[in-house]
Protein chains: 2
Amino acid sequence: MNARSVIDGDMARTTGSHSDITGPRIREVALRLFAAEGYAAVSMRKIAAEVGVQAGALYNYTPDKQSLLFDLMHGHMEDLLAARAQAGTAGTPTDRLEAFTRFHISYHEERPHEIFIAYMELRNLTPENFVVIEGLRGKYEDELSGILRAGVESGEFTLVDPRVATRAIISMLNGVTTWYRREGRLSLTDVETIYWDMVRKAVGA
Amino acid sequence: MNARSVIDGDMARTTGSHSDITGPRIREVALRLFAAEGYAAVSMRKIAAEVGVQAGALYNYTPDKQSLLFDLMHGHMEDLLAARAQAGTAGTPTDRLEAFTRFHISYHEERPHEIFIAYMELRNLTPENFVVIEGLRGKYEDELSGILRAGVESGEFTLVDPRVATRAIISMLNGVTTWYRREGRLSLTDVETIYWDMVRKAVGA
DNA sequence: GTCTATAGAGTGATAGAC
DNA sequence: GTCTATCACTCTATAGAC
């Protein structure tokens, strides 16, 4: 019995057969390492070592390192858009802006690494992969743009330039990833409230 | 005569002697490549190739790759703090906040790459180097924190949490690096005005 | 100061045994 | 499905000629 079997609690299985657990573990470890050290600084051997397999075994789950990054980012963007579609999109522009702001921040609770790599690792995607991810990012940001434009048209918001305001708000909200820690002095709900207060005032609502 | 001599316009000099020009060129190229592709993804050979020398020649100017990154970031932070000290720090908290906001954005005009790597490449610093840069970053952010606290105390600003507001505003302002291009539809002065409008309202001034 | 050459370690990815 | 072993490079950094 090797060390990994103990960790898995998987004592009855054939020695080297863990397809159901290894796949998710690889994604999990890669996500954490990419977020902590950056895609380019993380080797396949390092990922394998933390998973508890040899480097060659990774290639049963991913054709190459680039696909690993792309799949993580792509899965994240799909999940983000799906979760966003479930969240509140009704009401006045102010209501919708509050829903968007709180949604984006609350999404950090379970997926802080995903949000972090989604905006930090874009430059490490191949051109073809970049186009796909950038398209999904655009879809997400367009939701915010739409809210801001609607608010300006209805007179609820006073914004000089809604396009730039979109970028500014997204940057501000994404910044949460760089300092928020679950064990810190503030809960994520506190953070939501503080940011919503600033966003609401910033747009003039 | 080699190709580099033609580029330099430096035809009278001994073949391989360019200490006065090569040093700055290395820093310039490294800065641009680190900003575009990330420190870990850029090799010394790639820097050397763009400068127009062989990789070994770089080590006449830097003891190692890490020092190159550190020197760029350290020089930038020193320059940023020095330039900031020259800018307006008088008046009401609102005046001071406007000066800080405009200063930070206008600094993108000449040093967009420096600002970008200063917040993107922190994780690629060795622990000892990280401590130094993080200390300088703290000094800079403390200036903003001080302004926000003063504004809250004087009743000019309405902020739930000035510490979080500092992070939020810094993130928002740094976000300019991710989308602003000199050849775009807006001048940096336009951007200053748009951001200052949002910051001013966000703090409740 | 720059060159060529190279040491020594590490890289992504593959082949074949089990 | 995982292992060991390895290919073919690339990496940082150094040594010594010029």
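Note on naming: letters A, B, ... go to the chains in the order of the sequence lines (proteins, then strands), and numbering restarts at 1 for each one. Heavy-atom basis, side chains included; hydrogens, waters and symmetry copies ignored.
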Write down the distance between [atom1] ([X]) and [atom2] ([N]), rounded to a whole number of angstrom.
X: A:Leu58; N: D:dT2; atom1: CG; atom2: P; result: 9 Å
X: A:Tyr61; N: D:dT2; atom1: OH; atom2: C1'; result: 8 Å
X: B:Asn60; N: C:dC3; atom1: CG; atom2: P; result: 10 Å
X: A:Tyr59; N: C:dA15; atom1: OH; atom2: P; result: 13 Å
X: B:Ile21; N: C:dT2; atom1: CD1; atom2: C1'; result: 16 Å
X: B:Ile26; N: C:dT2; atom1: CD1; atom2: P; result: 7 Å
X: B:Ile47; N: D:dA13; atom1: CD1; atom2: C1'; result: 13 Å

- Query: What is the ring orientation for B:Phe116 with B:Tyr119, classed by angle as parallel under 30°, tilted 30 to 60°, or perpendicular over 60°?
  - Reply: perpendicular
- Item | Parallel, tilted or perpendicular, as decided by the 30° and 60° cut-offs, for the rings of A:His104 and A:Phe100 | parallel
- Query: How many angstroms lie between CD1 in B:Ile47 and NZ in B:Lys65, if you round to the nearest 0.5 Å?
  - Reply: 6.5 Å
- Task: Please list, chain by chain and in numerical order, all residues satisfying salt bridge (charged side-chain N to carboxylate O under 4.0 Å, His left out) with B:Arg200, sequence neighbours excluded.
- Result: B:Asp197
- Item | Neighbour count above 12 (heavy atom, 6.0 Å) for A:Arg163 CZ | no
- Are there more than 12 heavy atoms of other residues, nucleotides or ligands under 6.0 Å from atom CD of B:Glu110? no
- Item | Closest listed nucleotide, where the reference is the side chain of B:Ala57 and the choices are C:dT2, C:dA13, D:dC3 | C:dT2
- Message: Is there a salt bridge (Lys or Arg N to Asp or Glu O under 4.0 Å) between A:Glu143 and A:Arg96? Walk through the geometry before answering.
- Response: CA-CA 10 Å; A:Glu143 298 211 30; A:Arg96 292 163 61 202; over 6 Å; no
- Taking only side-chain nitrogens and oxygens of B:Gln54, does any of them come within less than 4.0 Å of OP1 or OP2 of C:dT4? yes
- Message: With a 4.0 Å limit, can you tell me whether A:Thr22 has a side-chain N or O closer than that to the phosphate oxygens OP1/OP2 of D:dT2?
- Response: yes
N/O to N/O distances under 3.5 Å, protein versus nucleotides 9-11 of chain D:
{"unit_1": "D:dC11", "atom_1": "OP1", "unit_2": "B:Ser43", "atom_2": "OG", "d": "3.4"}

- How do A:Ala40 and B:Ala55 order along DNA chain C: which one's closest nucleotide is nearer the 5' end? B:Ala55
